[in-house]
Colleague: 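Please read through the structure below; I'll follow up with questions.
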Amino acid sequence: MKRIAILGSTGSIGTQALEVIRANPESFELEVITANSNADLLIAQALEFKPNAVVIARDEHYEYVRQALQHEDIKVYAGANALGSVVEMSTVDMVLTAMVGYAGLLPTIRAIKAGKQIALANKETLVVAGQLITELARQHAVNIYPVDSEHSAIFQCLAGEFHNPIEKIILTASGGPFRGRTAEELKHVTKAQALKHPNWEMGAKITIDSASLMNKGLEVIEAKWLFALRNEQIEVVVHPQSIVHSLVQFGDGSIKAQLGLPDMKLPIQYALGYPQRLKSDYPRFSFMDYPQLTFEQPDLKTFRNLQLAFDAMEKGGNMPCILNAANEVAVSAFLHDQVGFLQMSDILESCMAKVTYIANPSYDDYVNTDKEARRQAAALIGK
Ligand code: NDP
């Protein structure tokens with residue numbers, strides 16, 4: 001029985017993780033759930049799963065949640081600091097980081113320092129501070145299990161291969177809703193179009209990141225840290241059907257891939273259940289339904305964010321942190337109709353040029369970099 005804390009239980013990954021836990025009551029016990037502001041869903045989840053504790057990050061909802069759960073034996077906390085405290089509870093074995101964005105960094109650090117195993121969905125944490133996080137995980141003997149489908153695929157391909165060096169990995173990308181479009185065509189795409197992903201149903205931020213290929217850029221950096229790769233060992237190929245979730249090439253030239261229908265419950269379940277493969281009745285993949293699996297080069301000139309992510313990784317230091325902060329501000333502005341689709345890349349590029357570069361950042365440097373990049377990005381938007 002693994003005792004699980006889910007940071008971000010009300011989101012896309014969080015609710016799918018609860019489906020996995022609901023279907024496997026003999027394997028998992030839910031200890032902690034958290035939300036930012038969706039108090040009603042958090043309360044409903046608490047009443048169903050009876051966790052030990054819940055956290056609502058936005059203080060103003062505390063009283064509402066507390067009253068709704070007052071007759072239950074469930075501790076109710078509020079505030080960002082409480083997210084870090086609950087993951088340290090002795091009754092938690094594993095923390096699923098399913099919050100979105102930079103806000104996931106600090107609770108992840110606290111969970112690692114408390115020796116909790118990590119199932120990592122919150123890729124921004126590794127993008128911002130991959131070196132710090134992986135070093136901390138080593139120091140505290142904590143394993144980080146990938147939840148992202150591509151990284152889960154690589155992790156699955158590595159089973160039984162841990163002593164065989166990786167020659168390279170190939171991350172697959174669906175290409176998103178704007179695959180094949182020209183820069184001219186992208187100038188006027190709307191947020192409604194960008195939010196319509198062809199294969200995956202996800203939270204708003206990652207869906208926009210998928211449309212701009214930023215998501216693939218973040219995943220490239222995430223892969224570097226998860227699998228201790230050199231930059232030149234990471235390749236991206238566009239695979240519009242999202243069936244081959246990623247591939248690993250070994251020293252003999254042989255390539256292993258992991259395939260499956262695009263359903264996040266699979267990688268979530270693999271991460272939570274590892275090393276076991278728990279049984280499931282999710283729909284099965286059939287080649288007859290997908291007679292053609294196709295692959296193509298990503299268009300780095302049109303989808304500049306992916307190139308910018310490669311550049312940030314190459315530069316290292318706090319550059320990926322700058323990229324991430326600028327992107328969070330740019331995506332939010334796009335979702336609020338304050339900037340156009342292509343302007344998001346302009347904001348990233350400008351912040352990467354302007355924000356102070358630090359080659360060997362400390363935790364405090366990341367915090368300051370994040371603030372400075374957000375300020376710069378907001379100024380560019382005119383906020
Ligand atoms: P959602 O936007 O659907 O959910 C985000 C969750 O985090 C919600 O529970 C939200 O609470 C909570 N949250 C948001 N901001 C804060 C904050 N500042 N403090 C505390 N809690 C917060 O996101 P997704 O589930 O789509 O994505 C979560 C993470 O997983 C991201 O890092 C994403 O890149 C990654 N991921 C997602 C995939 C997917 O299929 N969705 C696939 C692979 C990776 P509330 O509901 O109250 O707002």
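Each ligand, and each atom within it, is numbered from 1 in the order the structure gives. Position 1 is the first residue of the sequence; numbering continues from there. Treat the numbers as computed from the prediction; the structure is a model and nothing was measured.
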Colleague: Less than 4.5 Å apart, any side-chain heavy atom of Q269 and any of Y282?
Modeller: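 A side-chain contact exists here, since the closest heavy-atom pair is under 4.5 Å.
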Colleague: Is there a donor-acceptor contact under 3.5 Å linking the side chains of E150 and T172?
Modeller: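 No, T172 and E150 have no side-chain donor paired with an acceptor closer than 3.5 Å.
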Colleague: Would Q233 and F227 count as a side chain to side chain contact (heavy atoms under 4.5 Å, CB included) here? Give the steps.
Modeller: CA-CA 10 Å; Q233 288 179 292; F227 303 110; over 6 Å; no
Colleague: With salt bridge (Lys or Arg N to Asp or Glu O under 4.0 Å) as the test, would you mind laying out the steps for E31 and K116 before giving the verdict?
Modeller: CA-CA 13 Å; E31 272 294 308; K116 309 302 181 188; over 6 Å; no
Colleague: Got the residues with a heavy atom under 4.0 Å of ligand 1, by chain and number?
Modeller: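 Heavy-atom contacts below 4.0 Å: G8, S9, T10, G11, S12, I13, A35, N36, S37, N38, A57, L83, A98, M99, V100, A103, A121, N122, K123, E124, D148, M202, G203, I206, M264.
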Colleague: When you measure from the side chain of D365 to the backbone N and O of S362, does any donor-acceptor pair fall under 3.5 Å?
Modeller: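 Judged by distance alone, yes, a pair lies under 3.5 Å.
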Colleague: Would you find more than 12 non-hydrogen atoms of other residues, nucleotides or ligands less than 6.0 Å from Q338 atom CD?
Modeller: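 Counting neighbours around CD of Q338, more than 12 heavy atoms of other residues, nucleotides or ligands fall under 6.0 Å, so yes.
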